[in-house]
Amino acid sequence: MFKLIIRLLSFFAKEVNEVRRQPRLVLSLIFGPFLILLLFGAGYQGERPLLRTALVLPREGLDQVQIEDLKGAVQTNFSLISADTNEGAAMQQLRAGTIDVVEVLPSDINQRVLRGEQAPVEFRYNEINPLNEQWIQYLGYAQVNEINRTILLQTAQGMQGQAASTKQMLSQVGGQLDALKSGLTAAKAAETQQSIRQLKQAIELLASSPLLVSQVSNNGTDAAETQQQLLELRNSLDTLDQAISNGTLDQQQARISETRDRITQLEQATTVLSKLPPQVLISPLQQQYQNIHGKSLDFMTFYAPSVVALILQHIAVTLGALSLVRERLLGALEVFRVAPVSMLQVLLGKYLGYTLFIVIISTVLVGLMLALGIPFLGSILLFVGLVVLFTLASLGIGFLISTWSKSESQAVQLSMLVLLLSIFFSGFFLPLENFWPPVRNVGYMLPLTHGIIGFQDIMLRGSVPGDFTWIMLGSIAAATFVVVALISQWQFRRS
Amino acid sequence: MEQRITRPIAAIKPKLKAQLPQTIIALKDADRSFSEGVGVFDLTFEVPTGTIFGLIGPSGCGKTTTVRLLTGIYKPDRGTISVLNRTPSKFSPRTRELIGYMPQLFVLYPNLTVWENLNFVASLYGMGYFSRRKELEYVLDFVELSDVRHRLGGQLSGGMQRRLELAAALVHNPLLLFADEPTAGIDPVLRGKFWEHFRELRDQGRTLFVTTQYVSEASYCDLVGVMNAGRLIHLDTPDGLRRTALGGEVIKLIVDPLQALDAAQILQRQNAIKDVRRSRSQPGLIYVYVEHAATALPMIFEVLNAYPDITIQQAQEYLPPFDDIFIQLMEQAEAKENYV
């Protein structure tokens, strides 16, 4: 037992001595990615791309939207370079790459709307970057929404004016109906008939606008019912108009009372409508955000645990990948075969040596992160435990590469492949949920995927990583150890 | 000339020495073949305990394969192998601790110092951290590397690397040392020093199994095996091999060049003399082939003294270089093979 411990520790001492003899390697492994993170944190602002845009206006001008309002809407999301009617020049600039987007406004918005069509606003671009393309489409969508809102705002303001005048008419007709009930003079009958006809027109206009109908029906009734009531009011007004013309108004006393009641209700509704702010009318809902985590994190802080995990995995995979293949190429396995040491002991010794070494490296890294102001909210013991498990899993991948590789350069190449795979599929930059479910399994097989989640949980949330993280890291570590042990023992026997 | 070895490595424990078998290595009809007919075949020989066994042969003749069979790295396809009364492929850790192995190439770590390399090998053999220091000091002194103990392995000269390899093979004080071409690629002075080390180890009771391409080194061995094309073609002491190659012993005789022909003819007529050859490059030089030089030399003097015209200027036993003997042995083996 004593000799076994000495043998295991011999690899630890050997590996540590070998690594410390290569200070540049250690420095580049630790400080290289750290400096990259620092630069990223200092330089990346997470803002949307600044898209240089030429706005092409219709030759006959715009009637619904004021040009200046429109420019304001465009400049919210785009950097406006020009706004004129020269589409050809704008397209030439786009092809030459001096602008990023050409936005062409439709010329006949009103006619199209009346035909029941939407008028398209075209966004033309010459883009190979899918991320930029998504940005253009998203910002274009937001801009068209903004323009639509502007149009709606103007319409709503117009309708509020309409509602105000309708209210005035309602009040007037209401008074006249009261007079009708109490006895009508011939002169007043003609005046009342004129008011009734004007009110009929206003009611028809009101009934034809779904927006106004919906706003009028805010007091409890639904829009269809309100629509029906408006139509009934119009019919009543028709009947009264007819009765005044025929001189049979005496027989319509009940209808006069009924109409008076309806007018009173409608008067109340239009009062509410005309007093509402137009912004509330067109956008009744407003978004509000609350992050229960507390303070919002900047990009550098958010990426710090991921970078620590990436560095540790890369060191572990590289050391593991080079380790066995180097021993094999050096011929040391031949010496081990004659010595009283088994391949399992060689492997365990290497695992022990590298794990202790990486725990030391991780301490240095976390120290550097703390110096940068990155928070560490969780338990240190838990963090060390996760580092150990994460390192064992990463070393397993490295040793697996080592058993496969015929040369050091092949081992390095395969390690770089694992790095690439990790950057794409671990959730480091692209969320794992964005991938096709079968492809996500590639990510789940990478220690980095679970390392990132675990380190974020401990460092940024101060919580314990979920069972899935521990189970997956443990499974990767155990599975790779078994496979590496079997392959390396087989190779050891036939070396 | 470098300084002499300063002190020997630790002696073998007498109790352990007493337990050793008389024959430490024994092979019988051992075969190990690889693709295209390469390998070693029908290896049958024994190595007595406490001797230096030299395995000599050209490059690729199977020396390293034989060492790997004996150390348990390879399993034989056929036949039996016994080392320290154990089958090498089934060596227990305890048996392995009795064996030292110096591979053909430098396999220690270039980024570790001399001391760290030795320390690593010592810990592989389970030597305690404190107890090993003394052994390391001894072995470094033995191979004269004490002064460069802090130098990195990669910064050592070729000769120093080989000495470090030897130190690594000896650090755990083994009873049996396998050294695969320990003197390959190093200068003659250092080669001589290596053989001094080996003889010293042998004198301490250790057994050494040494392979070499340098035929002349056969003379440093107690027993020599000559290999060719995977087969052991001769196994004898250095003297025995010389006799086999030459068909006996050789006496080098120098007379007046004018009398050389007469002297050769007179000696040719003697029954105890097998053959007489005159040198073409040196007219007065005659090689006389006999069974035993020691008994033949007085007889030659007696015969030639009977002829007053012939004056012997010089007469002594001639030991031809082992390179010549090796070529002779190879030619004999080839002739025998062709005959068969």
Side-chain angles (χ1 to χ4, degrees), chain A residues 1-26 318-319 322-350 352-354 357 408 488-495, chain B residues 34 64 67-75 83 88-89 91-113 115-132 152-155 165 168-169 171-172 174 176-180:
Chain A
M1 189 63 192
F2 182 61
K3 286 185 175 180
L4 176 71
I5 293 168
I6 289 176
R7 281 173 195 139
L8 294 185
L9 287 176
S10 69
F11 285 96
F12 168 64
K14 188 203 85 159
E15 303 301 350
V16 169
N17 280 329
E18 278 215 288
V19 174
R20 80 182 169 88
R21 287 276 147 61
Q22 303 170 67
R24 284 183 195 175
L25 172 76
V26 178
T318 310
L319 288 177
L322 287 173
S323 175
L324 289 177
V325 74
R326 202 166 42 203
E327 302 280 19
R328 204 163 52 234
L329 292 175
L330 194 66
L333 288 186
E334 193 172 320
V335 175
F336 296 162
R337 282 211 64 181
V338 179
V341 61
S342 70
M343 191 60 208
L344 199 62
Q345 288 171 350
V346 174
L347 260 185
L348 286 174
K350 283 182 176 292
L352 180 71
Y354 289 141
F357 175 72
E408 285 189 333
S488 56
Q489 284 198 60
W490 176 72
Q491 288 175 338
F492 190 54
R493 277 195 291 271
R494 61 189 285 273
S495 65
Chain B
F34 303 94
T64 299
V67 172
R68 287 178 175 173
L69 280 170
L70 296 174
T71 49
I73 296 174
Y74 291 153
K75 268 185 182 177
V83 175
S89 58
F91 277 156
S92 66
R94 195 175 288 269
T95 308
R96 289 183 189 280
E97 285 173 14
L98 302 176
I99 294 171
Y101 177 47
M102 182 181 174
Q104 195 171 348
L105 299 170
F106 180 69
V107 298
L108 294 173
Y109 299 93
N111 284 324
L112 298 187
T113 62
W115 181 266
E116 286 164 351
N117 266 303
L118 279 185
N119 207 21
F120 171 65
V121 177
S123 51
L124 275 186
Y125 281 86
M127 296 171 73
Y129 182 75
F130 295 105
S131 60
R132 83 175 74 134
L152 293 179
Q155 293 171 349
E165 285 281 352
V171 70
H172 59 290
L176 172 60
L177 175 70
F178 290 97
D180 194 5

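Just so it is clear: chains get the letters A, B, ... in the order the sequence lines come, proteins before strands, and each one is counted from 1.
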Quiz item: Could you go step by step and tell me if A/Val341 and B/Tyr125 meet the side chain to side chain contact (heavy atoms under 4.5 Å, CB included) rule?
Solution: CA-CA 8 Å; A/Val341 61; B/Tyr125 281 86; over 6 Å; no

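- Between B/Leu108 atom CG and A/Leu330 atom CG the span is 7.5 Å, to the nearest 0.5 Å.
- Closest approach of B/Leu124 and A/Pro340 over heavy atoms only: O-CG, 4.0 Å.
- Nearest approach of B/Ile73 to A/Arg337, heavy atoms of both residues: O-NH1, 2.9 Å.
- Scanning both residues, A/Ser10 and B/Phe120, for their nearest heavy atoms gives O-CD1, 3.7 Å.
- For A/Ala13, no part sits under 4.5 Å from any heavy atom of chain B, backbone or side chain.
- The number of heavy-atom neighbours closer than 6.0 Å to CZ of B/Phe34, taken from other residues, nucleotides and ligands shown, is above 12.
- Neither the backbone nor the side chain of B/Met102 comes within less than 4.5 Å of any heavy atom of chain A.
- For B/Pro103 against A/Val335, the heavy-atom pair with the smallest separation is CG-CG2, 3.7 Å.
- Interface residue A/Arg21: only side-chain heavy atoms are found under 4.5 Å from chain B.
- Rounding to the nearest 0.5 Å gives a distance of 6.5 Å between CZ of B/Arg94 and NZ of A/Lys3.
- Contacts of B/Thr113 with chain A are made by both backbone and side-chain atoms, with heavy-atom separations under 4.5 Å.
- In this structure, the portion of A/Arg20 lying under 4.5 Å from any heavy atom of chain B is its side chain and not its backbone.
- Atoms CD and OG1, on A/Glu334 and B/Thr64 in that order, are 8.0 Å from each other to the nearest 0.5 Å.
- Contact count versus chain B (heavy atoms, under 4.5 Å) is highest, among A/Leu329, A/Val338, A/Ile6, A/Asn17, for A/Val338.
- Across A/Glu18 and B/Leu112, no two heavy atoms sit closer than the pair CG-CD2, 3.6 Å.
- Using a 4.5 Å cut-off between heavy atoms, A/Glu327 touches chain B through its side chain atoms alone.
- Of the inter-residue distances, the one linking B/Ser123 atom OG with A/Leu8 atom CG reads 10.5 Å to the nearest 0.5 angstrom.
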